[in-house]
2 protein chains.
Amino acid sequence: MVVTKRIDGDNKTLMTSVYDRLRLDIVDGELRPGGKLRFEELKERYGIGLSPLREALTRLASEKLVVLEEHKGFHVAPISRADLLDLLFMRQEVEVLGIRRSIEAGDDAWEAGIVGAIHALGKRDSLTSDGHIDPEWERRHHAFHDSLVAASGSPRLMFLRAQLTDHADRYRRLSHHYQRSGRDHLAEHTAIADAVIARDPIAAERLIRAHLARTVEIILDSDDLQIIAQDK
Amino acid sequence: MVVTKRIDGDNKTLMTSVYDRLRLDIVDGELRPGGKLRFEELKERYGIGLSPLREALTRLASEKLVVLEEHKGFHVAPISRADLLDLLFMRQEVEVLGIRRSIEAGDDAWEAGIVGAIHALGKRDSLTSDGHIDPEWERRHHAFHDSLVAASGSPRLMFLRAQLTDHADRYRRLSHHYQRSGRDHLAEHTAIADAVIARDPIAAERLIRAHLARTVEIILDSDDLQIIAQDK
DNA sequence: GTTTGCTATATTTACGAAAATATATACAAT
DNA sequence: ATTGTATATATTTTCGTAAATATAGCAAAC
């Protein structure tokens with residue numbers, strides 16, 4: 001019954017909102033790998049003061065999306081083949097763990113979530129008419145993968161997984177080649193969903209490992225080495 | 001041949017050094033779980049301004065050693081049975097992964113590192129004469145466990161492992177009971193080292209899982225529920 | 001022509017004060 | 001006595017500026 005004086009209820013601090021925006025701009029490739037992040041530019045760009053900016057960048061540095069060199073400033077984290085391979089390794093292990101535990105502990109609601117997610121995913125084409133990845137498809141794609149591990153029951157695993165997903169998304173979006181590859185997503189996803197719902201951890205592990213590896217192969221198997229493009 | 005004007009070469013920023021000190025104070029239990037971190041107190045305590053303090057706390061929040069509630073301030077991360085069990089789960093998986101990969105990829109230098117580390121560890125008693133854990137033993141204990149996974153070759157895995165180690169150290173040091181338990185560390189450690197050097201991943205996995213679980217059992221099997229002690 | 005050393009400029013880092021928000025206290029009404 | 005409302009206090013968040021550090025430009029020496 002209490003009526004607050006504040007109308008909007010926007011409780012976010014400037015630090016948090018500029019953190020969100022910076023994170024998106026980096027994951028989207030808007031801010032290029034290796035690029036220097038100058039405070040004057042960022043202040044201009046986001047219309048904000050120094051303090052919340054520095055805090056947001058500090059947080060991003062701790063998540064390895066940016067790099068801090070003391071007294072020299074912040075850079076967008078560079079990308080490399082070696083890093084992409086390390087990322088693949090971690091993603092495989094984390095996804096496998098999450099799926100394995102979900103298979104052990106998941107209830108009917110968890111299964112239903114997967115069925116619903118893959119159904120929604122199948123209703124939508126991954127590419128729009130002009131050949132770009134459909135944002136709504138991407139949203140559902142994320143939702144599907146989330147649904148697989150939703151019963152893992154480990155906050156730490158889920159937190160780590162979210163960070164790794166950000167890193168992976170950045171590589172994917174930096175790869176023009178990836179968007180042009182005529183990959184049959186639905187078949188792969190359906191196979192994974194089937195194995196998981198059948199509670200077959202062995203098959204699920206094999207399929208998810210291959211699924212993740214395939215993405216990296218597509219990115220690496222191209223001369224699309226935007227991957228090397230790094231400002232200083 | 002260049003003589004820098006600066007004598008000491010201390011390149012650290014205030015943010016970094018206060019980050020280090022805060023981290024240690026939290027891991028040591030000096031700043032108690034759940035305790036509020038007021039800026040006036042911290043400024044006083046560390047003799048430093050607001051800006052570097054906020055940045056350090058932001059970084060610690062991102063590592064889950066402190067918690068930030070917007071507009072309400074920072075707290076030392078609370079502890080709980082559930083969190084300790086989640087931590088155990090992650091540590092087991094991460095250690096197993098690191099050891100498995102090291103067994104696959106490790107060279108002679110890696111093996112030598114383990115042999116050297118366990119030798120040094122055996123030379124030192126875990127408890128001092130007055131019944132406290134010997135800091136030098138603890139250093140060597142860390143060094144031994146590090147040596148096991150030193151050949152894993154995954155920056156992300158090592159980074160994650162370091163964070164989990166901080167969390168685990170905090171629980172261990174908060175547990176008075178743990179320090180009183182007459183545990184035979186050397187036998188456990190030697191068995192692990194033997195299995196790893198024999199390149200037996202199955203035995204190594206079994207032993208390291210039990211080793212980590214044992215620590216948690218000791219902490220939980222006591223009324224020593226300092227674990228519940230949380231200021232608001 | 002390359003390197004060394006100095007000066008000027010650009011940039012990051014840190015502080016102190018102002019603004020915004022939350023918490024505590026006092027008072028009034030039922 | 002308890003709930004609700006207004007006021008005062010404490011605390012966090014943010015900005016603008018000063019201090020510290022690094023980078024770039026330029027002249028002199030080898």
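Order of the sequence lines sets the chain letters (A, B, ...), proteins ahead of strands, with each chain counted from 1. All heavy atoms count here, side chains included; hydrogens, waters and symmetry mates do not.
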Q.
Distance check needed: C:dC15 P versus B:R54 CZ, whole Å only.
A. 15 Å
Q) Taking the side chain of B:P52 as its heavy atoms from C-beta onward, which of D:dT21, C:dT11, C:dA14 lies nearest to it? A) C:dA14
Q) Do any side-chain nitrogens or oxygens of B:T13 fall under 4.0 Å of OP1 or OP2 in C:dT12? A) no
**Q.** Nucleotide of D:dT12, D:dT21, C:dA14 approaching B:L14 most closely (side-chain heavy atoms)
**A.** C:dA14
Q) Strictly by modelled atom types, are A:E70 and B:T16 linked by a side-chain donor-acceptor pair under 3.5 Å? A) yes
Q: Send over the distance from B:F39 CZ to D:dA10 P, rounded to a whole Å.
A: 18 Å
Q: Take atom OH of B:Y19 and atom C1' of C:dT13, then tell me their distance rounded to the nearest Å.
A: 19 Å
Q | Separation of C:dT11 C1' from A:H75 NE2 (nearest whole Å) | A | 11 Å
Q) Any idea which heavy atoms bring B:D25 and B:Y46 closest together, and the distance? A) OD2-OH, 2.6 Å
Q | Rounded distance (Å) that lies between atom C1' of C:dT13 and atom CZ of A:R38 | A | 17 Å
Q.
Once you apply a heavy-atom cut-off of 4.0 Å, does B:L57 come out as touching a base, just sugar-phosphate, or nothing?
A. nothing
Q. Taking atom P of D:dC15 as reference, at what distance in whole Å does atom CE of A:M15 sit?
A. 13 Å
Q: Measure from NZ or CZ of B:K64 to the centre of the six-membered ring of A:F159 and say whether it is under 6.0 Å with the direction within 45° of the ring axis.
A: yes
**Q.** Toward the 5' end of DNA chain D, by each residue's nearest nucleotide, A:L50 or A:T16
**A.** A:T16
(Q) Counting only side-chain heavy atoms from C-beta out, which of D:dC15, C:dA17, C:dA22 sits nearest to B:K72? (A) C:dA22
(Q) Just by distance, no angles: are the side chains of A:D169 and A:H142 close enough, under 3.5 Å, to form a donor-acceptor pair? (A) yes
Q. Would you say a side-chain N or O of A:K36 is under 4.0 Å from OP1 or OP2 of C:dT12?
A. yes
Q. Tell me: CZ of B:F74 to C1' of D:dT11, nearest whole Å?
A. 12 Å
**Q.** B:E70 CD to D:dT13 P, straight-line distance once rounded to whole Å
**A.** 7 Å
Q: Report which part of the nucleic acid B:L53 touches: base, sugar-phosphate, or nothing (heavy-atom distance under 4.0 Å, all strands).
A: nothing
Q. Can you find a side-chain donor-acceptor pair between B:D134 and B:T128 that sits under 3.5 Å?
A. no
